Amino acid sequence: MTPLEQSRHLATAIPGPRSQQLIDRKAAAVSRGVGTTMPVYAARAQGGIVEDVDGNRLIDLGSGIAVTTIGNAAPRVVEAVGAQTAQFTHTCFMVTPYEGYVAVAEALNRLTPGDGEKRSALFNSGSEAVENAIKIARSYTHKSAVVSFDHAYHGRTNLTMALTAKVMPYKHGFGPFAPEIYRAPLSYPFRDAEFGKELATDGALAARRAIDVIDKQVGADNLAAVIIEPIQGEGGFIVPAEGFLPTLLEWCRANDVVFIADEVQTGFARTGRMFACEHEGIEPDLIVTAKGIADGMPLSAVTGRVEIMDSPHVSGLGGTYGGNPVACAAALATIETIESENMVDRAAAIERLMKDRLGRLQAEDDRIGDVRGRGAMIAVELVEPGTTEPDAALAKALAAGAHAAGVIVLTCGTYGNVLRFLPPLAISDELLVEGLDVLALLLADL
Ligand SMILES: *Cc1c(COP(=O)(O)O)cnc(C)c1O
């Protein structure tokens, strides 16, 4: 592997001529429904840098949406994937099983919150794992309703579209959606403040508001599961007020409702703990993982208490590719990298650096309504000065400016007004600071 220089470099305008050719070929060959964020095509990526086909080197503050958490093409992963492909690429775990799958399940059972006996099952995508968590919860409780939250994102398959809140672009024109899905109000401190300081800071109060809706509109006797992202991803990196998650979990336990934590975006050291649930000291019944689990190889999982995970009948769960051996080898190498290189601590250090810099920006710029998030999952919510009125146009302009300057950033949020940062943990402080400097300059210019 030739090392890729870890510096930002613009060799051409963005997009350069070779990317432009590919943009034209894409338009003629790929469904319009598949959108792209960056106007450049990738050629190589390592650590905190993505190099495009014109030789531009971009600072990666997106990690392919929180996937290459330990760094692009992390060395242990590259080696493990190479070694596994040389042995075999697929046999199907349901036909001729192999050790890697079992080893990943053992690692997940060990790493996820909770000391009790656990089991895991492996799948391909986050959406597929969410669907399976719901199947398992229904099988265990013999009930059918599921509650998800305002601003939630759980995927793009039929059941997960129903769980996802935002209509555009995720659901528009794609219904009808799966039945028996209900929505409850979230704890969204920045916006709850409009309804009083108490609701914004008292998570238990916000949880009681949600539980009241669930009680009156669904009923615990019909409810199989409550599913929630401990920190919302696509919804805008919303960190619920302290006490929100524990109060919900307590209610679920008392009412025979399975509490599912969707840690697809927050898992694997991203938030400065191995799993975001640890920040609130909760032990979910089921935990769904994907994205950061295997440094980009498609893999996802459901992990949980043995009596819940073992409730489906034999062969009730599975899939042709689920727990593919190459993806499992990548996951084991990813976990080894996180543990041996103290990447959980690295994420916490990134939080301090980013919150310090962005906090100072916020102090002098009242278009930054909120700076929030945990670890290497940090966002700024942009608003009309001095209000909570979302400014999506500013978020869009900032992202476009950053892209043209060679910095990969993403937007998110129900109102499209949140700029989010998901740097790989292997990124240097220098690159991180440079990326934020580019943003500060753009903010000053706009
Ligand atoms: C990305 C994401 C999903 C869906 O994962 P896919 O692999 O894209 O299917 C589900 N939940 C959360 C919280 C996510 O961020």
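Computed from a predicted structure; not experimentally measured. As the structure lists them, so they are numbered: ligands from 1, and atoms in each ligand from 1.
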Would you mind finding which of K291, Q265, E263 brings a heavy atom closest to atom 2 (C) of ligand 1? K291
Do R156 and T164 pair up side chain to side chain, a donor and an acceptor below 3.5 Å, judged on atom types alone? no
Residue D262 vicinity, atoms of ligand 1 by number, heavy atom under 4.0 Å: 10 (C), 11 (N), 12 (C), 13 (C)
Where's the contact between S125 and ligand 1, heavy-atom distance under 4.0 Å: side chain, backbone, both or neither? both
Atom 5 (O) of ligand 1: which protein heavy atom is closest, and how many Å away? G126 CA, 3.2 Å
In terms of side-chain geometry, is the basic nitrogen of D52 or R57 positioned less than 4.0 Å from the acidic oxygen of its partner? no
Would K143 and E180 pass as an ion pair if we require N to O under 4.0 Å? no
Validation row: T289, L108 side chains within 4.5 angstrom (heavy atoms): yes
What do we get for Q232 next to ligand 1 when only non-hydrogen atoms under 4.0 Å count, side chain, backbone, both or neither? neither
Q46: side-chain hydrogen bond (donor to acceptor under 3.5 Å, both in side chains) partners, not counting sequence neighbours: none
Note: ligand 1 atoms sitting under 4.0 Å from heavy atoms of E229 are 13 (C)
Under a 4.0 Å threshold between the charged nitrogen and the carboxylate oxygen, would E283 count as salt-bridged to K118? no
Numbering as shown, the atoms of ligand 1 that approach S127 to under 4.0 Å (heavy-atom distance): 4 (C), 5 (O), 6 (P), 9 (O)
